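A quick note: this is a predicted structure, and the numbers were derived from the prediction, not measured. Whatever order the structure lists them in is the order used to number ligands and atoms, beginning at 1.
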Amino acid sequence: MNPGIVVVGAGGHAKVCIELLRDMGLPVAFCVGGVEDPDLCAGVLVLKGDEHLERLIKEGYSRAFIALGSNLLREKLAQQVESLGFQLVKAISPHAVVSPSAKLGSGVAIMAGAIINAEASIGRLAIVNTGATVDHDCTIGDVTHIAPQCALAGNVTVGSKTFLGVGTKVIPKIDIGESVILGAGSVVVRNIQSHTTAVGVPAKVIKTV
Ligand SMILES: CC(C)(COP(=O)(O)OP(=O)(O)OC[C@H]1O[C@@H](n2cnc3c(N)ncnc32)[C@H](O)[C@@H]1OP(=O)(O)O)[C@@H](O)C(=O)NCCC(=O)NCCS
């Protein structure tokens, strides 16, 4: 088995994730990206085309990290690499603070400065981005992205595949549905239904999909 991690994605989010994996002392072997991606991502060679994944698993690489900011793409590529037999690693910055009673799913990215407090639960493939705080007893669904500097008070529930734009604030005990988009700087003071986009202070729904 080769211990090197295969990073799927080669954009800005991948760059941050590679540096984070290195901070954890984990070796990054290759990125797998698209034809439009650069040749190197944070100094790591970018192999262009998903067909490389099949070759890499045959060559003994078994650990992968999906470094794509888009929730839909992250979910799709995770299914693909897991069906090939890769195991998804967790990327948890040594500069994050994670409560020992918090639960983190496979493939999560917990960036520098993030704080996850007591008994919070973070679903698989979720991103808690730079400086975001998720307080006690929050539940964050699978494949959800909490952007930089968001602040979730205690007992907040966020569904799967939801995106909280940079700096979103949420008061305690709020339920935010699945596949919701919250605009940058929103302040959420009422529950938000699934499949909606909401923006502003206080956040109001502007679109339903
Ligand atoms: C909400 C968002 C997703 C845009 O959604 P959209 O469906 O493309 O909406 P539009 O840009 O067409 O804007 C629709 C209306 O909402 C308003 N709006 C958009 N984003 C807003 C925000 N964050 N706060 C307040 N109002 C906002 C627009 O001004 C527009 O108002 P108008 O109809 O009166 O002109 C986007 O503006 C946003 O905030 N993205 C967050 C990005 C981010 O945080 N990225 C972090 C990456 S790690």
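When all heavy atoms of G69 and R74 are compared, the closest pair comes out as O-NH1, 3.1 Å. Nearest approach of V7 to A67, heavy atoms of both residues: CG1-CB, 3.7 Å. In plain terms, the two heavy atoms of A153 and D135 that are nearest each other are C-CB, 3.7 Å.
Ring geometry, H145 versus F163: the interplanar angle exceeds 60°, so the pair is classed perpendicular (tilted spans 30 to 60°).
For E59 and R55, the salt-bridge test passes: some basic side-chain N is under 4.0 Å from an acidic carboxylate O.
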Which protein N or O atoms sit under 3.5 Å from any N or O of ligand 1? Give atom names and distances.
residue, atom, partner, partner atom, Å
ligand 1, 7 (O), K207, NZ, 2.4
ligand 1, 23 (N), A184, N, 3.1
ligand 1, 23 (N), A184, O, 2.9
ligand 1, 39 (O), A184, N, 2.8
ligand 1, 44 (O), V166, N, 2.7

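Between Y61 and F86, the ring center distance fails the sub-6.0 Å criterion.
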